[in-house]
Amino acid sequence: MKQLHCEFIFEPTNPLIKLEASEWYFHTDGELEDFFSEIENFEEFKLPLKFTPLQLNIYREVV
């Protein structure tokens, strides 16, 4: 099994410093589109969209 990571690195400004969220999805948890909709409604997802990332890291790891 592999885990895909997609990390956006931002300037550590006050609105962003306290944000933290972690969600897991497994194929037995229901429809993938429902999972994406749920994530996109998180404030932790919406707020950073107002800022420009400094860096993007995409990588995978074996779990």
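Model, not experiment: these values are computed from the prediction.
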Below 4.5 Å, heavy atoms only, C-beta onward: do F10 and L54 meet side chain to side chain?
no
Hphob cluster co-occupancy, F45 + F8, side-chain heavy atoms under 4.5 angstrom
no
Can you tell me how far apart CD (E40) and CD (E33) are? Round to the nearest 0.5 Å.
8.5 Å
Has N41 got a side-chain atom pairing as donor or acceptor with E38's backbone, closer than 3.5 angstrom?
no
Are there over 12 heavy-atom neighbours, none belonging to E31, within less than 6.0 Å of that residue's CD?
no
For the pair Y25 and F35, name the ring-plane relationship: parallel under 30°, tilted 30 to 60°, perpendicular over 60°.
tilted
Using a 3.5 Å distance criterion without hydrogens, assess whether the side chain of D34 forms a donor-acceptor pair with backbone atoms of G30.
no
Is the closest side-chain heavy-atom distance between I9 and L56 below 4.5 Å?
no
Run Y59 and Q3 through side-chain contact (heavy atoms from CB on, under 4.5 Å) and show every step you take.
CA-CA 8 Å; Y59 61 95; Q3 183 173 359; over 6 Å; no
Shortest non-hydrogen contact from P48 to E43?
CD-O, 4.1 Å
Between V63 and K2, is there a side-chain heavy-atom distance shorter than 4.5 Å?
no
Is the shortest side-chain heavy-atom distance between I58 and C6 below 4.5 Å?
yes
Please tell me whether L19 and L49 are part of a single hydrophobic cluster in this structure, the criterion being side-chain heavy atoms less than 4.5 Å apart.
no
Is there a side-chain contact between E44 and E20 in this structure, where contact means two heavy atoms from C-beta onward sitting under 4.5 Å apart?
no
Say you draw a straight line from NZ of K18 to CG of L47; how long is it, rounded to the nearest 0.5 Å?
12.5 Å
